[in-house]
Amino acid sequence: MTAVVLPDLAAGYDVDAVRSDFAVLSRQVHGRPLVYLDNASSSHKPRQVLDAERAFVEQHYSNVHRGVHTLSQEATDCYESARATVAAFLGAQPDEVVFTKNVTECINLVAYSFGNAAPGSPFHLGPGDEVCITEMEHHSNLVPWQMLCQRTGATLRWIPLGDDGRLDLTDLDALVNERTKVLAFVHVSNILGTANPVEALVHRARTVGAFTLLDGAQSAPHQRVDVTDLGVDFYVLTGHKMLGPSGVGVLWGRKDLLDAMPPFLGGGSMIETVQMSGSTYAPAPDRFEAGTPVISQAVALAAACDYLQAVGLERIAAHEHALTAQLLDGLRRLDGVRVIGPETTEMRGAAVSFALDGIHPHDVGQSLDELGIAVRVGHHCAAPVCRRYGVAATTRASSYLYNTAAEIDALLEGIVTVQDFWRR
Amino acid sequence: MTAVVLPDLAAGYDVDAVRSDFAVLSRQVHGRPLVYLDNASSSHKPRQVLDAERAFVEQHYSNVHRGVHTLSQEATDCYESARATVAAFLGAQPDEVVFTKNVTECINLVAYSFGNAAPGSPFHLGPGDEVCITEMEHHSNLVPWQMLCQRTGATLRWIPLGDDGRLDLTDLDALVNERTKVLAFVHVSNILGTANPVEALVHRARTVGAFTLLDGAQSAPHQRVDVTDLGVDFYVLTGHKMLGPSGVGVLWGRKDLLDAMPPFLGGGSMIETVQMSGSTYAPAPDRFEAGTPVISQAVALAAACDYLQAVGLERIAAHEHALTAQLLDGLRRLDGVRVIGPETTEMRGAAVSFALDGIHPHDVGQSLDELGIAVRVGHHCAAPVCRRYGVAATTRASSYLYNTAAEIDALLEGIVTVQDFWRR
Amino acid sequence: MSNESMYQEIILDHYRNPHHKGLRDPYDVEVHHVNPTCGDEVTLRVRIAGGLVSDVSYDGQGCSISQASTSVMSDLVIGKAVDEALRTSEAFLELMQSRGQLEPDEDVLEDGIAFAGVSRYPARVKCALLGWMAWKDATTQAVAASGGGSA
Amino acid sequence: MSNESMYQEIILDHYRNPHHKGLRDPYDVEVHHVNPTCGDEVTLRVRIAGGLVSDVSYDGQGCSISQASTSVMSDLVIGKAVDEALRTSEAFLELMQSRGQLEPDEDVLEDGIAFAGVSRYPARVKCALLGWMAWKDATTQAVAASGGGSA
Ligand SMILES: Cc1ncc(COP(=O)(O)O)c(C=O)c1O
Ligand SMILES: Cc1ncc(COP(=O)(O)O)c(C=O)c1O
């Protein structure tokens, strides 16, 4: 319905053209040009995405699904086309795509749905059953499973981290075993940057008949993803990290599983028949979209997928790879810097965590901010990782399609300035 | 952070001034000016709300809460001011306000949190305990309680409907009794228009020590709400019906209850400490906002609250009251029309459901659409109400602050045209 | 109503004077289908004899689209070989899923082409399919019960 | 760093040369407080005698703001009457919650006024309050244990 003008990058990766689509990137912070390196936390949104959402809301908005009037039919068309776009983005079918509010809800959806399964159902968990995660999970792929295990009496196990910032798979066969019902792990770590060996883990899970859930919050924004190639049962992502708005996440699940799983949230639109005494539920994806869905956010997310594909995910990945190499290389040349996570660009994403000797991450982050450089400091919702590497917190720089080599240089210089200031 | 120009209505209710803020209202549908009377399903959004969201996203966006850099601090400020604005809108304190994706999630949040409570907790339910709702609930305030009762073994009971479209309170004392843990009911019905006697119901619930939840999806948009005056324990609303975007809902709860209730969704931001072996949780409202919240949607909803208050909720209520009287009066003069719900304007909202003899609601809705008139047809997510009044579906017209007396006339004339067409 | 109305004269005719309506004997299979979102329902009987759809009869209530479409369906399938009738129902299904993008084949769908406009209204597609889905369900059951392929 | 920096010289001085740091005897109550979002922690001892805060000592680790603020706090409360010290801590709390809107009173907060800028950074307010909250907790416990009002 909405014509969106996408960047024309046929001639090569023109980062300036990309940057011009993001209003905030021309902001000044403390009198310096903003250097935004907090993309693993959330990305900015190009005007194409904002325009698409606004055009939809101003011309075609209405509630979806249940109406026969023109606006409601147009809104339904826009919403369902958004589902088709996101599905195509993941190499999937539209009816395998469930819209939620964020990736955290997606994971809770799966965990609660399993928790609602009756004994005898393939999704049921009880004492003696196990859920396996890893020590590098974001709290959003950790706490829901802790809570599920608490409710059901199942046992939570985890694959530990090695000293190199990668999973230690030595005991994989013991950790993922015949009792394992679910293996849930992160595709690319938001704190370490580590990219995990999906194939090996999925292979092991399949061998023992465990369901697999892949947390794609940090992969979908940065690389081409094909859920069939990945071979997992569930893949989840969050819109705000991939040029979309806050308030939208996506659960992709195998259709046969989604149709068989018990519902999670109850309410309008997820039902088939409702009587006071009991209800039956609609097939997926409706079954998992109770209430008025995140309509305009889904439309905006589809525009973000279009934008990413117009720029080209391979080109984005290559661009980020170069920036990451530059950053890792630069950090290596500095004194008093320790990278937490893989120190080379093999099997890794663009998030780079580090510690500066004797300077608290809060002070690093705040001092960099005074230079206009936005990085994230803290435990990055992965407290066990910090504990594993003996730090209370890290400083993390994470680049995206609109960052430049000059910005990485600015960060590296900024680190030196910060070191000088705090070591006076 | 964002200057929003609000309508100046000091001089009286100027509906044309209000209309000029809503782009879609100047649309044509099937060659006729759009007459949008589907507001109980979802409302349109004025440019002030869209501008506020866009200004935020283009200048101050970042993830909230966890960052020390300037953008993240600004975004946190905007998000937390939005919470304060919504709290003030409800006569509440900011830390009693939880942002969700819609009212359906709010109700599930409360139901699942109660379901997660351990035996001995005041929120725990088990066999012998009861949840009481009403026969006029939206599926979103019905299915979550059915599911909770299924999980816990508690019993679901409901206050029945009388022939007049109002609750039949004859057996109230038996239905809400010493075993009742929760009384959940709708403030204003989305299908019947009925406004419920909150005071009497809350009084009974308090007498037996039951928690009360009021579904304000259809009251918050249309009248001044003060949660303290209402005397309930939980009040829930949804943004998209009150000039806000899709993708945002609000749970208000008494702070002592929110702080004591077990968490619902697990993940980032809702935790205090996380170890692989177990976690502790943050106080409310953070405890109930797992993952990246609906940041820009909350900012937009606050702008919607500002807009509603600038126009004046009393004036909006009075304007709608006049339109509802005009519609009920007009329907009464027509042959072959049956109003389903209260037939006068006493204790009622602006949603008016009706049936045309011998014409299926689908055909009514579609034929009205061909005249440019948008109404909703179906069971309006309240199937038990349709069953109660012996219809498969109804046609519902629902007005809001931007509707005009001329539009109500257009609907009434449209009904006659539809009757003529289908009775040929 | 306007020219671009989904309510073509053909549809209105079938709605006002439905063909083959009223349950009849003999039959092989009877089914009852409901559209839960709007409460429309149909009870439908099928008789298969010698590889032919020898009779279809039905009763039900619902909107003009579901009623007219069931009437058109019965006209189209009665007397056809089961195979061919199933192909016709596939063609109708395809038309309904086309979101107004398909030019229907009048040789195959006859009066059914009047529903092309309905396919632009997702909320109404289910109405148009109610009777067809009931027929397909009943026919599949009847063929399976007769223990044979479709001939 | 820029002029509008939250890192005022006073803060840096206290951070580099913290006052009263190192756990000391005698004491009435010892508490351990952690800021879960960043892992900063402090162990703090309080001794109350004759209605006065006669000693505060502490150890801990954390960012410059939490360390400097604890140092400033100990300067401000040691030797004060418990009542007065509690009022000082209220004044500091109020300053921290002011989002940069309050003009701090130097007579009451002395070096503490250097933290006015920190109140503009919600993420850092908790850092600035860590030591104060620990002190308040310990003092309240000590007063309660001594079985008395605050005098
Ligand atoms: C009374 C009532 N409750 C609950 C809901 C559900 O709202 P939402 O779909 O925004 O969750 C609605 C609206 O659809 C409603 O009118
Ligand atoms: C790997 C990973 N998983 C999950 C999340 C949670 O995402 P959200 O907060 O959007 O739910 C994040 C981001 O914060 C993440 O990086």
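Below, chains carry the letters A, B, ... as their sequence lines are ordered, and counting in each starts from 1. Because the structure is a prediction, the values reported are computed rather than measured.
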Participant: Hey, which of A/Gly365, A/Gly115, A/Gly378, A/Ala290 has the most heavy atom pairs under 4.5 Å with chain B?
Facilitator: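 Among the listed options, the one with the most contacts to chain B is A/Ala290.
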
Participant: For B/Val64, is it the side chain, the backbone, both, or neither that has a heavy atom closer than 4.5 Å to a heavy atom of chain A?
Facilitator: backbone

Participant: Check each atom of B/Pro263 against the heavy atoms of chain A and say whether the ones under 4.5 Å are side chain, backbone, both or neither.
Facilitator: both

Participant: Just to verify, what does B/His362 make a ring pair (Phe, Tyr, Trp, His ring centres under 6.0 Å) with, not counting sequence neighbours?
Facilitator: B/His360

Participant: Considering only heavy atoms and a distance below 4.5 Å, find which of A/Lys45, A/Arg54, A/Glu53 pairs most often with chain B.
Facilitator: A/Arg54

Participant: Does any heavy atom of chain A fall under 4.5 Å from the side chain of B/Val103, the backbone, both, or neither of them?
Facilitator: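 Contact with chain A involves no heavy atom of B/Val103 at all.
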
Participant: Could you pull out all residues at least two apart from B/Tyr36 that satisfy side chain to side chain donor-acceptor pair (under 3.5 Å)?
Facilitator: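 By the side chain to side chain donor-acceptor pair (under 3.5 Å) rule, B/Tyr36 matches no residue at all.
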
Participant: Would you mind checking which part of B/Leu265 comes under 4.5 Å of any heavy atom in chain A, side chain (CB onward), backbone (N, CA, C, O), both or neither?
Facilitator: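 Both backbone and side chain.
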
Participant: Could you tell me if the side chain of A/Ser62 sits less than 4.5 Å from the side chain of B/Arg376, heavy atoms only?
Facilitator: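 Contact flag for B/Arg376/A/Ser62 side chains = yes.
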
Participant: Can you name the residues of residues 134-141 of chain A that have some heavy atom under 4.5 Å away from a heavy atom in chain B?
Facilitator: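 Interface residues of residues 134-141 of chain A: A/Thr134, A/Glu135, A/His138, A/His139, A/Ser140.
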
Participant: Which heavy-atom pair separates A/Tyr61 from B/His44 by the least distance, and what is that distance?
Facilitator: O-CE1, 3.0 Å

Participant: Give, as side chain, backbone, both or neither, the part of B/Ser26 having an atom under 4.5 angstrom from any heavy atom of chain A.
Facilitator: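 The answer is neither part of B/Ser26.
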
Participant: Out of B/Gly249, B/Gly67, B/Ala383, B/Pro293, which one racks up the most heavy-atom pairs below 4.5 Å with chain A?
Facilitator: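 So the answer, after comparing B/Gly249, B/Gly67, B/Ala383, B/Pro293, is B/Gly67.
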
Participant: If you count heavy-atom pairs under 4.5 Å between each of B/Ala298, B/Ser42, B/Gly372 and chain A, which one has the most?
Facilitator: B/Ser42

Participant: Output, in order, the C-alpha distance, side-chain angles, deciding distance and verdict of side-chain contact (heavy atoms from CB on, under 4.5 Å) for A/His69 and B/Asp38.
Facilitator: CA-CA 9 Å; A/His69 64 74; B/Asp38 189 22; 2.9 Å; yes

Participant: As an exercise, state the distance from OG of A/Ser279 to CE of B/Met147, rounded to the nearest 0.5 Å.
Facilitator: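 These two atoms lie 9.5 Å from each other.
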
Participant: For A/Gly268 and B/Cys381, work out which heavy atoms get closest and say how close.
Facilitator: CA-SG, 3.9 Å

Participant: Run the numbers on A/Ser296 and B/Ser246 for side chain to side chain donor-acceptor pair (under 3.5 Å), then give the verdict.
Facilitator: CA-CA 6 Å; A/Ser296 56; B/Ser246 63; 3.2 Å; yes

Participant: Sort by residue number and list every member of residues 105-112 of chain B having a non-hydrogen atom under 4.5 Å from chain A.
Facilitator: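 Residues in range: B/Glu105, B/Asn108, B/Tyr112.
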
Participant: Could you have a look at A/Leu25, A/Leu142, A/Asn116, A/Ile133 and say which one has the most heavy-atom pairs with chain B under 4.5 angstrom?
Facilitator: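 Most pairs with chain B among the choices: A/Asn116.
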
Participant: Is B/Ile271 in contact with chain A via its backbone, its side chain, both, or neither, using a 4.5 Å heavy-atom distance?
Facilitator: side chain

Participant: Could you check whether A/Thr292 and B/Asn102, counting side-chain N and O atoms only, form a donor-acceptor pair closer than 3.5 Å?
Facilitator: no

Participant: Output the option from A/Thr100, A/Val68, A/Val57 having the highest count of non-hydrogen pairs under 4.5 Å with chain B.
Facilitator: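 Most heavy-atom pairs under 4.5 Å with chain B: A/Val68.
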
Participant: Taking every heavy-atom pair that is under 4.5 Å apart, which of B/Val248, B/Val143, B/Val274 has the most such pairs with chain A?
Facilitator: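 Most heavy-atom pairs within the cutoff with chain A belong to B/Val274.
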
Participant: Please check: side-chain N/O of A/Gln146 versus main-chain N/O of B/Gln275, any donor-acceptor pairing under 3.5 Å?
Facilitator: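 It does hold such a pair.
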
Participant: Determine, step by step, whether B/Arg27 and A/Glu58 satisfy the salt bridge (Lys or Arg N to Asp or Glu O under 4.0 Å) criterion, reporting the C-alpha distance in whole Å, the side-chain angles of both residues, the deciding distance to 0.1 Å, and the verdict.
Facilitator: CA-CA 10 Å; B/Arg27 244 195 82 160; A/Glu58 288 200 332; over 6 Å; no

Participant: Rounded to the nearest 0.5 Å, what separates atom OG in A/Ser41 from atom CG in B/Leu71?
Facilitator: 11.0 Å

Participant: Pick from A/Leu50, A/Ile373, A/Val294, A/Val375: which one has the most heavy-atom pairs with chain B under 4.5 Å?
Facilitator: A/Leu50

Participant: Quick one: which of B/Phe264, B/Tyr281, B/Trp145, B/Phe99 has the most heavy-atom pairs under 4.5 Å with chain A, could you say?
Facilitator: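 Most heavy-atom pairs under 4.5 Å with chain A: B/Phe264.
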
Participant: Can you tell me which portion of B/Val29 sits under 4.5 Å from chain A's heavy atoms? Options are side chain, backbone, both or neither.
Facilitator: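 The side chain, not the backbone.
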
Participant: Measure B/Leu156 against the heavy atoms of chain A and call it side chain, backbone, both or neither at under 4.5 Å.
Facilitator: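 The side chain, not the backbone.
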
Participant: Check each atom of B/Met276 against the heavy atoms of chain A and say whether the ones under 4.5 Å are side chain, backbone, both or neither.
Facilitator: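 Interface part for B/Met276: both.
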
Participant: Using a 4.5 angstrom heavy-atom cutoff, name the option from A/Pro245, A/Gly278, A/Ser43 with the most pairs to chain B.
Facilitator: A/Gly278

Participant: What's the spacing between B/Thr104 OG1 and A/Met270 CE if we round to 0.5 Å?
Facilitator: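 Those atoms lie 10.0 Å apart.
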
Participant: In sequence, state the C-alpha distance, the side-chain angles, and the governing distance for A/Glu289 and B/Lys101, and then conclude on salt bridge (Lys or Arg N to Asp or Glu O under 4.0 Å).
Facilitator: CA-CA 11 Å; A/Glu289 294 186 357; B/Lys101 72 172 174 180; over 6 Å; no

